[in-house]
Amino acid sequence: MERTLIIVKPDAMQRGLAGEILSRFERRGLKIVGLKLIHIDQALANRHYGEHQGKPFFNGLVGFITSSPVIVGVLEGTNAVAAVRSTMGPTNPTSAGPGTIRGDLALELGRNMVHGSDSPESAEREISLFFRPEELLDYTRDADRWIFE
């Protein structure tokens, strides 16, 4: 099983689309193993987007992600990184096909609704920025304590 980080970005939150976005990942077969409503501060945003520091769009990224509360989540499943990325669609919503989150719900590159880790290595780094290990469910360890019907 693989894990990946998602962020339901400020534009999705402001438009009331968090539930729609999360449900698309669940319908895809991914399990939510961690979820928080937070307001990302400048320091955390700088660490999260650190690889883009010095690029012309860096300040805009940080300003946008810190502009309102967001939902951060950890999703788990087979090939979770690739599954999330294909469910989201390409970064530029005008290139995203129908049926993807960005293709159906977004219009602008800078306001593209949702972030997903771009590799298993990035996912591990990003998850550790937002979650402590004890905040994440372990379905293999805890499944006998839950009843699924």
Side-chain angles (χ1 to χ4, degrees), residues 1-52 61-93 95-149:
M1 284 295 163
E2 187 173 78
R3 289 182 171 185
T4 191
L5 182 88
I6 60 158
I7 302 174
V8 179
K9 293 181 177 180
D11 53 331
M13 298 297 291
Q14 292 161 1
R15 290 177 55 197
L17 295 171
E20 166 75 17
I21 290 168
L22 292 172
S23 71
R24 286 183 182 222
F25 292 126
E26 286 186 303
R27 286 197 310 265
R28 184 73 191 261
L30 296 158
K31 289 186 171 105
I32 297 172
V33 297
L35 201 64
K36 295 180 184 180
L37 174 67
I38 66 170
H39 200 136
I40 298 175
D41 64 24
Q42 180 97 21
L44 181 54
N46 286 341
R47 287 196 310 277
H48 177 68
Y49 288 124
E51 66 194 55
H52 300 299
L61 281 175
V62 170
F64 176 59
I65 205 70
T66 60
S67 68
S68 80
V70 298
I71 292 175
V72 293
V74 178
L75 303 179
E76 180 180 87
T78 304
N79 300 312
V81 171
V84 164
R85 294 193 67 78
S86 66
T87 303
M88 291 187 314
T91 303
N92 187 339
S95 301
T100 65
I101 292 168
R102 291 171 174 156
D104 291 348
L105 303 174
L107 289 173
E108 298 177 42
L109 180 61
R111 305 285 186 266
N112 62 7
M113 312 302 272
V114 63
H115 163 84
S117 302
D118 64 6
S119 70
E121 298 76 23
S122 291
E124 189 174 319
R125 180 186 70 78
E126 292 176 352
I127 290 168
S128 72
L129 289 173
F130 294 96
F131 291 90
R132 295 184 315 275
E134 63 271 15
E135 293 179 303
L136 302 175
L137 297 177
D138 182 341
Y139 281 98
T140 59
R141 181 194 68 216
D142 299 328
D144 61 334
R145 293 194 283 162
W146 303 322
I147 297 172
F148 294 99
E149 295 182 29

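Between Leu109 and Thr91, some side-chain heavy-atom pair lies under the 4.5 Å cut-off.
The distance from atom CE of Met113 to atom CG of Leu105, rounded to the nearest 0.5 Å, is 5.0 Å. Rounding to the nearest 0.5 angstrom, the gap separating the NZ atom in Lys31 from the CD atom in Glu76 is 7.0 Å. In this structure, NE2 on His48 lies 3.5 Å from CD1 on Ile7, to the nearest 0.5 angstrom. Rounding to the nearest 0.5 angstrom, the gap separating the CG atom in Asn92 from the CG atom in Asn112 is 8.5 Å. Atom CZ of residue Arg28 and atom OG1 of residue Thr87 lie 4.0 Å apart, to the nearest 0.5 angstrom. Note that CG of Leu75 and CD1 of Ile32 are 6.0 Å apart. Values are rounded to the nearest 0.5 Å.
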Carefully, step by step, assess Met13 and Leu37 under the rule side chain to side chain contact (heavy atoms under 4.5 Å, CB included).
CA-CA 10 Å; Met13 298 297 291; Leu37 174 67; 3.6 Å; yes
Full working for side chain to side chain contact (heavy atoms under 4.5 Å, CB included) between Ile38 and Val70:
CA-CA 6 Å; Ile38 66 170; Val70 298; 4.0 Å; yes
Evaluate the criterion side chain to side chain contact (heavy atoms under 4.5 Å, CB included) for residue pair Glu135 and Phe130; output intermediate values, then yes/no.
CA-CA 10 Å; Glu135 293 179 303; Phe130 294 96; over 6 Å; no
Set out, in order, the CA-CA distance, both residues' side-chain angles and the distance that settles side chain to side chain contact (heavy atoms under 4.5 Å, CB included) for His115 and Ile65, then state yes or no.
CA-CA 10 Å; His115 163 84; Ile65 205 70; over 6 Å; no
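Between the side chains of Arg85 and Thr4, no donor N or O sits under 3.5 Å from an acceptor N or O.
Residues Ser119 and Val81 share a closest heavy-atom pair of N-CG1, 3.7 Å. Nearest heavy atom pair, residue Leu129 against residue Leu44, reads O-CD1, 3.8 Å. When every heavy atom of Pro90 is checked against every heavy atom of Ser95, the shortest pair comes out as CG-O, 3.7 Å. Considering every non-hydrogen atom in both Leu137 and Arg3, the closest pair reads O-NH2, 2.6 Å. Nearest heavy atom pair, residue Ala45 against residue Val62, reads CB-CG1, 3.9 Å. Between Ser68 and Pro10, the shortest heavy-atom distance links the atoms OG-CB, 3.2 Å.
Judged by a 6.0 Å distance limit and a 45° cone about the ring axis, Lys9 is not positioned over the six-membered ring of Phe64.
Partners of Arg27 under the salt bridge (charged side-chain N to carboxylate O under 4.0 Å, His left out) rule, at least two apart in sequence or in another chain, do not exist in this structure. Contacts of Glu20 classified as side chain to side chain donor-acceptor pair (under 3.5 Å), with partners at least two apart in sequence or in another chain: Arg24.
A 6.0 Å sphere centred on CD of Glu26 holds more than 12 heavy atoms belonging to other residues, nucleotides or ligands.
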